[in-house]
Amino acid sequence: MHGAPYWQTTPYTIPIGIGSLLFVVLAASLFRRRTERRLVPGATLGALLLVASGLWMGTYALELSVTDFSTKVLLNQLGYVGIAPLPLLWFAYVLRHAGVKLNSRAAWVALGSVPVAVVALVVTNPWHGLIWTDLWVDADHGYAVLVNEHGVAFDGFIAYAYALILLGCGVLGRTLLRADGIYREQTLALLGGGLVPAVGGVVCVAGLSPVPGLDLPVLAFSVTSAAVAWSVFHHRLFTLVPVAWESAVESMHDAALVLDGDGRVIDVNPAGERFLSLPLSDAYGQSVARVLPTELVDALGGVPTAGSEAEATVTTEDGERALLVETTPLGDESDMSGSLVLVRDVTERVERERRLERQNERLDEFASVVSHDLRNPLTVARGYLELAAETGDAEYFERIENAHDRMETIIEDLLTLARQGETLTNVTPVALRTVAQEAWDGTVVGDATLDVRVDRTIAADRGRLRQLLENLFRNAVEHGSDGGSLTVVVAGVDGGFTVEDDGSGISEAERADVFERGYTTHENGTGFGLPIVKTVADAHGWSVELTESDAGGARFEFTGVETEPEPANAEQSTND
């Protein structure tokens, strides 16, 4: 049957051709879905597996369709481009599907060298006869079929292929025992896609084929192609694999570490690498005590032996962070094979809890003031009102007015404290001299003078800064003047500014208490003025320190202030 090729029909050509076309179309669809191939590990591998299968089946369908000997031989050789890598691609995808890692590059190189060698031997077979020793055409069944007398290299390839198939089927069988849902359906499709052609291959190699030379594995592939296509569309085989969970873990903001039963690092996601003291490649196989910060190791309790949850505080490049460390056992309780450790950054949650705690404390303080401090002037006012009603003496009305003024002062201070935020969002460049003068003009100062010796711009919330200065000025006048003249000085220091006076000052024994809410040494004081100053400073991120001025009065120094340089005339003062 040599000469010009001509076409023939066989009972097998159409199903094999349809199966080939189906695999090629599925592969093309996968290659076009770039996002899924990028996000789902194994998707590209699945596409290559479909291409190899489609190429093998397509070339064999063409081989069956022609009768010319040389054309059949050429198509037979081309088919090996799909046949040779197919067992390795299937095995690699099975491992990916089951989440089994083979990290040895040497092993993959060795496995991958076999398909390359087989293709090379096929091309050069006329020189050595290692793949087939003889080829002829059998037409006893009404159509021409190419028959191969295989050589020793082909037998070696068959052993290699079936070793990978059996190993892969073993992995899938073990996976099937713990699989459920869509994962189970995908696993069954893969298992059938490997076993059915493998059985056909055994029948063919054993010489039990009803048609000599007919490639039964290809025919079996045509049968399983429908099942594979159904699984691709219905169960999203190759595009939604269990290892997609690995993609989710890889993209998690929370750190995830997998440890074996002895507490050694098996795997770490990118978010967890920032906690390692060693490069990831060096951390594999190391004890957690060697690669994690002491705080995390303490939270784990050393080598995890059960599920647990603990909190830890770790200093990182981003500052001090509050972490929640959760441990989940892997395997049965009686036979724990390892543990999954999740490290979640809960700094914001902890900060919210602290803010809520501080707000609750302020509410308690407000309730105390309302129930006690406001009750006193209210009782006084009611008593003087009764006396005024009985006697008509105007002096009692003046005392009632003083009690009302006292309540108004307490209420204003309470509202100021209630409206203070934990942080500031409206920070702008502010001229310290200007705001100081505005605060002074808004304060009842009596026989007092303001001396501003600073002319610089600072980053602050203008309204809050004015509240801070007003309370300092009022505190100086009410507590430090002793009825005499008083000078209040606003000056600059490195990284901030000071407000000081030449009054009677605050004793060293009292300085630790003056910022406590409700603490006062003045008969008519509310005890909220200096706490307001401290709250405003904290909201800006400033530090405040109370000391004694050179004149013996009180000196409040604010540092950590973002400032701009003073001009040359900064020593000029503003007096009022």
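Index from 1, following the sequence.
T124 places a side-chain N or O within 3.5 Å of a backbone atom of A120 that can act as its donor or acceptor partner. Within the 3.5 Å criterion, the main-chain N or O of H150 finds no donor-acceptor partner in the side chain of N148. Listed for the H540 side chain is no donor-acceptor partner under 3.5 Å among the backbone atoms of W542. Of the possible donor and acceptor atoms, one in the side chain of N269 sits under 3.5 Å from a partner among the backbone N and O of D254. Panel note: side chain T559, backbone G495; no donor-acceptor pair is recorded below 3.5 Å. At least one donor-acceptor pair closer than 3.5 Å links the side chain of K72 to the backbone N or O of A144.
Looking at every heavy atom in both residues, S65 comes nearest to A61 through OG-O, 2.8 Å. In this structure, A84 and V119 approach most closely via the heavy-atom pair CB-CG2, 3.8 Å. S53 approaches L86 most closely through the heavy-atom pair OG-CD1, 3.2 Å. Shown here for L89 and A52, the closest heavy-atom pair between the two residues is CD1-CB, 3.9 Å. Smallest separation of non-hydrogen atoms from A460 and V427: N-CG1, 3.4 Å. Of all the heavy atoms in A110 and S113, the pair that sits closest is O-OG, 2.6 Å.
Under the 4.5 Å side-chain criterion, counting only non-hydrogen atoms from C-beta, F157 is in contact with V114. The closest side-chain heavy-atom distance from T59 to V81 is not below 4.5 Å. With a 4.5 Å cut-off on side-chain heavy atoms, L164 and W90 do not count as touching. For the pair Y143/P11, a side-chain contact is recorded, criterion being any heavy-atom separation below 4.5 Å from C-beta on. At least one side-chain heavy atom of V66 sits under 4.5 Å from a side-chain heavy atom of W7. Two residues are said to be in side-chain contact when any heavy atoms from C-beta on lie closer than 4.5 Å; Y160 and P115 meet this criterion.
Rounding to the nearest 0.5 Å places CG of L172 at 9.0 Å from CG of L95. Between the CD atom of E562 and the OG1 atom of T457 there is a distance of 11.0 Å, given to the nearest 0.5 Å. Between the CD1 atom of I83 and the CG atom of N76 there is a distance of 7.0 Å, given to the nearest 0.5 Å. Atom CG of L49 is separated from atom CZ of F91 by 13.5 Å, given to the nearest 0.5 angstrom. To the nearest 0.5 Å, atom CG of residue L48 and atom OH of residue Y93 are 12.0 Å apart. With rounding to the nearest 0.5 Å, the separation of CG in L88 from CG in L111 is 6.0 Å.
L166 CG: more than 12 foreign heavy atoms inside a 6.0 Å radius. Counting non-hydrogen atoms of neighbouring residues, nucleotides and ligands closer than 6.0 angstrom, the CD atom of Q8 exceeds 12 such neighbours. Under a cut-off of 6.0 angstrom, the local environment of CZ in R349 is crowded, with over 12 non-hydrogen atoms contributed by other residues, nucleotides or ligands.
Using cut-offs of 30° and 60° on the angle between ring planes, the pair F154 and Y80 is perpendicular.
The side chain to side chain contact (heavy atoms under 4.5 Å, CB included) with I16 is formed by just one residue from the set L21, L62, T10, L64; it is L64.
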